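What follows is a single structure, written as structure tokens, with notes after it.
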There are 4 protein chains.
Amino acid sequence: MPQRSDAQANRERILDIAEDVFGHGGKSASTEEVARLAGVGIATVFRNFPTKAALLEAVLVRHFNRLQAEAEARLGEQDPGAAFFGFFRHLVAGAATKIALVEALLEAGGFGDSEAAEASHALRRAVGGLLQRAQQAGAVRNDVELPEVYALLVGTSRAAAQAPLDDEVRSRMLAIVFAGLAATGRTKAADFS
Amino acid sequence: MPQRSDAQANRERILDIAEDVFGHGGKSASTEEVARLAGVGIATVFRNFPTKAALLEAVLVRHFNRLQAEAEARLGEQDPGAAFFGFFRHLVAGAATKIALVEALLEAGGFGDSEAAEASHALRRAVGGLLQRAQQAGAVRNDVELPEVYALLVGTSRAAAQAPLDDEVRSRMLAIVFAGLAATGRTKAADFS
Amino acid sequence: MPQRSDAQANRERILDIAEDVFGHGGKSASTEEVARLAGVGIATVFRNFPTKAALLEAVLVRHFNRLQAEAEARLGEQDPGAAFFGFFRHLVAGAATKIALVEALLEAGGFGDSEAAEASHALRRAVGGLLQRAQQAGAVRNDVELPEVYALLVGTSRAAAQAPLDDEVRSRMLAIVFAGLAATGRTKAADFS
Amino acid sequence: MPQRSDAQANRERILDIAEDVFGHGGKSASTEEVARLAGVGIATVFRNFPTKAALLEAVLVRHFNRLQAEAEARLGEQDPGAAFFGFFRHLVAGAATKIALVEALLEAGGFGDSEAAEASHALRRAVGGLLQRAQQAGAVRNDVELPEVYALLVGTSRAAAQAPLDDEVRSRMLAIVFAGLAATGRTKAADFS
DNA sequence: AATGAATGAGCTTTCATTCAT
DNA sequence: GATGAATGAAAGCTCATTCAT
């Protein structure tokens with residue numbers, strides 16, 4: 001029972017734990033477990049997030065924002081191909097234990113006009129930026145477009161989030177996708193595999 | 001609410017509805033909804049499938065068996081490349097509204113030594129057969145192996161199962177994956193896209 | 001599935017099995033188990049006994065009637081003391097695995113005007129006859145009356161019906177009660193222990 | 001429906017009501033009825049006792065502990081015979097409306113190594129203490145042992161718990177048992193009847 | 001007459017959410 | 001603000017009973 005601890009700190013701790021709990025157990029994990037692991041009362045969770053959906057959304061927004069920041073940071077890298085494929089790999093690797101997050105990734109429009117929808121779109125735009133640069137640099141075929149690339153990002157993340165997919169298989173799976181995305185056969189993309 | 005209409009027909013209708021319901025809502029959809037949509041009492045569902053898990057398993061077994069039959073039928077086709085890529089496309093297209101089923105696809109071993117586990121492995125073996133023939137025929141790179149191919153099958157299915165992914169995007173997504181799998185650049189696989 | 005078997009035989013088999021099932025599991029045992037063990041369909045049970053309560057009652061009536069017959073048979077024995085104490089011991093020993101039956105023994109008035117109530121009263125009267133003769137013969141104290149004797153019969157039966165009460169303990173328990181009932185200390189009653 | 005009145009008081013009220021409800025209806029009485037009579041929501045019952053079995057156990061433990069305390073208090077009495085027979089009478093009188101509790105009394109070992117098993121054994125030991133002192137004082141025959149005495153305790157309680165057994169009959173029933181337990185004929189024990 | 005599939009009410013248990021402290 | 005006890009609406013599952021065959 002933390003006394004007079006800063007409310008903001010509580011909110012962050014709840015989000016951290018929720019990300020973990022929902023990541024492992026899916027959205028069907030219980031709010032009470034979040035509260036318990038966060039070391040706060042259940043009512044404190046509901047004070048900060050009036051609804052379970054709101055909590056889930058907050059987790060997603062934060063996660064999307066992080067990914068967006070990561071993507072935008074890579075926009076400034078020298079090698080646009082390395083930037084694009086590196087981000088792709090980074091996102092998929094990070095999804096390994098975040099089932100619920102990945103589930104939400106594609107539901108772009110499913111959030112209504114919520115903050116989560118906006119965060120999701122912003123991430124998508126950032127990925128679009130990486131793709132465009134990679135195409136202009138000749139690292140990715142010019143005839144692919146964002147929707148299918150994004151779908152692949154989500155799909156491979158989803159595959160990686162399941163339990164029995166070890167690192168090596170994930171790597172080989174990505175090598176195939178990258179080969180398909182690469183401008184000239186698979187040679188170039190293989191560099192990032 | 002039909003009574004005593006025909007036991008076998010009832011069982012099949014329950015399975016059909018359950019495939020639909022669990023396909024959309026995931027395994028968290030309620031058994032009661034299955035019963036209601038099937039037009040039977042809740043107890044009838046539980047008479048046929050003593051447990052919710054048993055119902056889900058029965059749905060999966062039937063689905064896996066269908067896919068396996070489809071895969072094995074294609075083993076006899078003349079063009080091994082067309083057989084492999086055609087089946088891949090077929091499976092992904094069919095996954096469009098079957099979220100939970102796809103979820104279960106990768107959980108392969110998670111069923112203990114149940115019937116579902118065996119059905120899942122049988123499907124995997126059948127896919128392995130298609131892959132092997134396609135490689136021998138030079139349609140698929142020799143350095144890819146079943147685990148990553150299966151992961152891609154699952155991942156792209158998962159991506160396709162989400163709501164706002166229309167046919168064209170799905171097709172273009174698969175074109176990328178097929179290009180990555182194709183033996184010589186993307187030329188060959190593109191034929192099946 | 002017995003075909004065209006005599007209906008009466010079915011009824012008897014159901015009663016036999018029900019006595020066993022309810023004896024072990026109490027009245028909360030399921031009717032379906034009775035049907036299964038009797039080798040008949042569930043509907044056959046309900047055709048013969050329109051209600052679970054009716055089945056239970058039929059079991060009780062038969063059991064009470066048997067005990068009554070046994071008691072009345074002993075009325076003709078030469079030694080009234082041996083007749084009384086012997087019947088007491090017989091009833092308690094027989095109760096060992098018949099929880100539900102014993103439960104019902106004391107509920108004399110609880111059956112309304114049903115057949116079971118009559119059977120229960122008839123048994124009670126028969127026990128009264130044995131008691132009276134034993135008292136007239138000087139084997140049982142004259143100041144005890146049927147209500148408390150019947151209560152002891154039921155109580156010791158109940159104790160014996162519980163699982164971990166082995167034969168020897170039951171015997172020693174009865175020896176105490178018999179000593180209390182005997183006219184002159186415990187000497188006489190001990191003869192029957 | 002009081003809210004947040006006082007947790008401990010609520011817990012006690014639930015236990016009180018449960019003792020009553022299970023006492024009358026046996027363990028097949030519904031938890032929902034306990035909640036309703038206690039004036040709390042069903043979930044409140046399950047918050048305090050995570051399982052129906054746990055609730056039943058808690059009721060039993062409390063009951064056993066009370067009886068044990070009573071027995072031990074009587075260990076200090078001057079007249080060991082009065083202590084033993086008095087406790088016997090007290091326990092049987094108290095059982096009048098506690099069918100299920102009495103049922104549980106003999107199932108002693110049936111609880112695994114739960115708290116209820118320990119409480120039951122402790123009670124049994126306390127009764128053993130009373131018995132031993134009464135025997136040393138010459139108030140109870142030396143050749144009786146705890147198992148049969150305990151069985152009689154349970155059996156007479158069971159008999160007394162049934163509906164139509166009025167006070168006088170119960171008293172006369174006990175007089176018989178006490179006469180059987182008494183060291184020299186029935187003279188001595190009759191004093192406590 | 002016999003069957004067993006179908007039924008719906010009811011039970012135990014869980015969980016998001018509210019509210020008195 | 002924070003707490004956690006209390007809530008009621010499901011959910012999964014069982015069982016006595018009915019009814020078409």
Side-chain angles (χ1 to χ4, degrees), chain A residues 1-7 10-11 28-36 39-55, chain B residues 1-11 28-33 35 39-55, chain C residues 1-7 10-11 28-36 39-55, chain D residues 1-11 28-33 35 39-55:
Chain A
M1 281 167 257
Q3 292 128 332
R4 240 357 307 179
S5 75
D6 200 16
N10 256 350
R11 198 189 138 93
S28 71
S30 93
T31 310
E32 196 129 10
E33 195 187 355
V34 173
R36 186 166 41 81
V40 301
I42 179 76
T44 301
V45 175
F46 277 88
R47 166 166 293 276
N48 282 279
F49 309 95
T51 248
K52 184 183 185 178
L55 171 58
Chain B
M1 281 164 249
Q3 202 158 339
R4 199 63 208 275
S5 55
D6 183 51
Q8 184 60 29
N10 247 345
R11 201 189 136 94
S28 71
S30 92
T31 309
E32 205 139 357
E33 196 187 353
V40 300
I42 181 70
T44 299
V45 176
F46 278 94
R47 161 170 281 271
N48 282 279
F49 309 96
T51 251
K52 184 182 184 176
L55 172 57
Chain C
M1 282 165 258
Q3 291 129 334
R4 241 351 317 173
S5 74
D6 199 18
N10 255 351
R11 200 189 138 91
S28 70
S30 93
T31 310
E32 196 130 8
E33 194 186 356
V34 174
R36 186 165 42 79
V40 302
I42 178 77
T44 299
V45 176
F46 277 88
R47 165 166 294 274
N48 283 278
F49 310 95
T51 248
K52 184 183 184 177
L55 171 57
Chain D
M1 282 164 246
Q3 201 159 341
R4 198 60 208 276
S5 56
D6 183 51
Q8 185 60 28
N10 248 345
R11 200 190 137 95
S28 69
S30 92
T31 309
E32 205 140 355
E33 195 187 354
V40 300
I42 180 70
T44 300
V45 177
F46 278 91
R47 161 170 282 271
N48 283 278
F49 310 95
T51 251
K52 184 183 184 174
L55 172 57

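Naming: A, B, ... by sequence-line order, numbering from 1 per chain. Quantities reported herein were computed from a predicted structural model and do not represent experimental measurements.
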Between E:dG4 (P) and C:Asn10 (CG): distance, integer Å
12 Å
Which residue lies toward the 5' end of DNA chain F, C:Pro50 or D:Ala43, if each is placed at its nearest nucleotide?
D:Ala43
Rounded interatomic separation in angstrom, taking CD from D:Glu32 and C1' from F:dG8:
11 Å
Drop me the distance from B:Ile42's CD1 to B:Phe46's CZ, to the nearest 0.5 angstrom.
5.0 Å
Residue mapping more 5' on DNA chain F - nearest nucleotide basis, B:Ser30 or D:Val45
D:Val45
Among the nucleotides E:dA6, E:dT3, F:dA9, which one has an atom lying closest to any side-chain atom of D:Ile42?
F:dA9
Give A:Thr31 one of three labels, base, sugar-phosphate or nothing, depending on what nucleic acid heavy atoms sit under 4.0 Å from its own.
sugar-phosphate
Between OG1 on residue B:Thr44 and CZ on residue B:Arg47, distance to nearest 0.5 Å:
8.0 Å
Keeping the roles fixed (side chain from B:Thr51, backbone from B:Ala54), state whether a donor-acceptor pair exists under 3.5 Å.
no
Checking contacts here: which listed nucleotide (E:dA6, F:dT14, E:dC19) is nearest the side-chain heavy atoms of B:Asn48?
E:dA6
Rounded to the nearest Å, what distance is computed from the CZ atom of residue B:Arg11 to the P atom of nucleotide E:dA6?
11 Å
Reckon C:Ala29 touches a base, only the sugar-phosphate, or nothing at all at heavy-atom distances under 4.0 Å?
sugar-phosphate
Among F:dA5, F:dC13, E:dT13, the nucleotide that comes nearest once only the side chain of D:Thr51 is considered:
E:dT13
Would you kindly give the CG-to-P distance between D:Leu55 and E:dT12, to the nearest whole Å?
10 Å
Counter-base of E:dT17, judged by Watson-Crick or G-U geometry with both distances under 3.5 Å:
F:dA6
Taking CZ from A:Phe46 and P from F:dA5, how many angstroms apart are they, rounded to a whole number?
16 Å
Among E:dA2, F:dT3, F:dT17, which nucleotide has an atom closest to any side-chain atom of C:Arg47?
E:dA2
Tell me which nucleotide among F:dG12, E:dA2, E:dT12 gets nearest to the side chain of B:Lys52.
F:dG12
